Engineer: 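Before anything else, here's the structure in question.
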Amino acid sequence: DHANARLFASGLAQIPGIRVEHSEPATNIVIFDVAATGKSSQEISAALKASGVLINGFSPTAMRAVTHYDVSRADCEQALAALSAVAGC
C-alpha cells in the first residue's frame, strides 16, 4: 500500500497543475492540490469517476487518494493517466 502511494505521489508530481502535499507519503494516503489546473476538485472527481477512477476532493482544490490492499500498481498507473488527461496534459 505504502509503495503504491509513493509511486502515485511521484507520478502526480509530474503532472502540470498538480501539487503534492508530501512527495514521499509515510502512509497510504496521498493529498494533492489541483488549483493550478483551473478545475475544481469536484470537477476532477466527476471526470475521474467517468474513467473508473475514484478519488474525492475534500475542499474546492484539495484531493485525497488512498491506496489499499486491492489497489495494484497498474491501478495507480491507470489513475495517473486519467488524472493527466483530466488535468489537460
Side-chain angles (χ1 to χ4, degrees):
D1 297 350
H2 296 150
N4 280 336
R6 287 189 295 276
L7 168 83
F8 190 71
S10 176
L12 283 174
Q14 303 305 310
I15 300 173
I18 294 180
R19 184 182 53 81
V20 180
E21 186 174 300
H22 298 288
S23 60
E24 292 192 26
T27 67
N28 64 329
I29 299 171
V30 180
I31 306 291
F32 56 100
D33 185 89
V34 296
T37 66
K39 298 176 182 170
S40 71
S41 63
Q42 185 177 25
E43 291 171 308
I44 290 175
S45 182
L48 290 174
K49 187 174 183 179
S51 297
V53 176
L54 302 177
I55 300 174
N56 292 312
F58 63 89
S59 82
T61 62
M63 300 188 77
R64 176 179 178 260
V66 180
T67 59
H68 42 81
Y69 68 92
D70 64 341
V71 174
S72 69
R73 179 182 182 96
D75 293 332
C76 291
E77 291 168 352
Q78 176 191 357
L80 287 168
L83 265 164
S84 183
V86 169
C89 301

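This is a predicted model, so every value here is computed, not measured.
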Engineer: For Thr61, what residues pass the side-chain hydrogen bond (donor to acceptor under 3.5 Å, both in side chains) criterion, not counting sequence neighbours?
Structural biologist: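 Thr61 satisfies side-chain hydrogen bond (donor to acceptor under 3.5 Å, both in side chains) with Asp33 once adjacent residues are dropped.
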Engineer: Sequence neighbours excluded, which residues qualify as side-chain hydrogen bond (donor to acceptor under 3.5 Å, both in side chains) partners of Glu43?
Structural biologist: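 Here the qualifying residues are Ser40.
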Engineer: Would you mind writing out the side-chain donor-acceptor pairs for residues 49-56 within the sub-3.5 Å range, not counting sequence neighbours?
Structural biologist:
residue : atom : partner : partner atom : Å
Asn56   : OD1  : Ser45   : OG           : 3.3

Engineer: Taking the side chain as every heavy atom from C-beta outward, state whether Asn4 and Asp1 have any pair of such atoms under 4.5 Å apart.
Structural biologist: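 Not touching, per the 4.5 Å side-chain cut-off.
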Engineer: Apart from Val66 itself, what residues make up its hydrophobic cluster when side-chain heavy atoms of I, L, V, M, F, W and Y under 4.5 Å apart count as a link, directly or indirectly?
Structural biologist: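 Grouped by the 4.5 Å side-chain rule, Ile29, Ile31, Phe58 form the rest of the cluster around Val66.
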Engineer: Taking distance alone, no hydrogens or angles, what donor-acceptor pairs closer than 3.5 Å link side-chain atoms of residues 19-26 to residues at least two apart or in another chain?
Structural biologist:
none

Engineer: How far apart are the closest heavy atoms of Phe8 and Leu83, and which atoms are they?
Structural biologist: CZ-CD1, 3.7 Å
Engineer: How would you list, by chain and number, every residue that makes a side-chain contact (heavy atoms from CB on, under 4.5 Å) with Ser10, sequence neighbours excluded?
Structural biologist: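 Partners of Ser10 by the side-chain contact (heavy atoms from CB on, under 4.5 Å) criterion come out as none, since no residue qualifies.
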Engineer: Give, for atom CG of Leu48 and atom CE of Met63, the distance between the pair rounded to the nearest 0.5 Å.
Structural biologist: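 Reported value, rounded in 0.5 Å steps: 5.5 Å.
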Engineer: The criterion is side-chain hydrogen bond (donor to acceptor under 3.5 Å, both in side chains); which residues satisfy it with Ser59, sequence neighbours excluded?
Structural biologist: none
Engineer: Kindly compute the distance separating CG (Leu7) from NE2 (His2), expressed to the nearest 0.5 Å.
Structural biologist: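 Spacing of CG (Leu7) from NE2 (His2) equals 14.0 Å.
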Engineer: Sequence neighbours left out, what passes side-chain contact (heavy atoms from CB on, under 4.5 Å) with Thr37? Give chain and number order.
Structural biologist: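 Testing Thr37 for side-chain contact (heavy atoms from CB on, under 4.5 Å), a comparison that skips the adjacent residues, returns Ile18, Val34, Lys39, Ile44, Ala87.
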Engineer: Does the Asn28 side chain pair with the main chain of Ala5, one donor and one acceptor, at a distance under 3.5 Å?
Structural biologist: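 Side chain of Asn28 to backbone of Ala5: no pair is present.
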Engineer: For residues 68-78, tabulate all N or O donor-acceptor pairs below 3.5 Å that involve a side-chain atom, not counting sequence neighbours.
Structural biologist:
residue : atom : partner : partner atom : Å
His68   : ND1  : Asp70   : OD1          : 2.2
Ser72   : OG   : Ala74   : N            : 3.4
Ser72   : OG   : Asp75   : N            : 3.0
Ser72   : OG   : Asp75   : OD2          : 3.2
Arg73   : NE   : Glu77   : OE2          : 3.3
Asp75   : OD2  : Ser72   : N            : 2.9

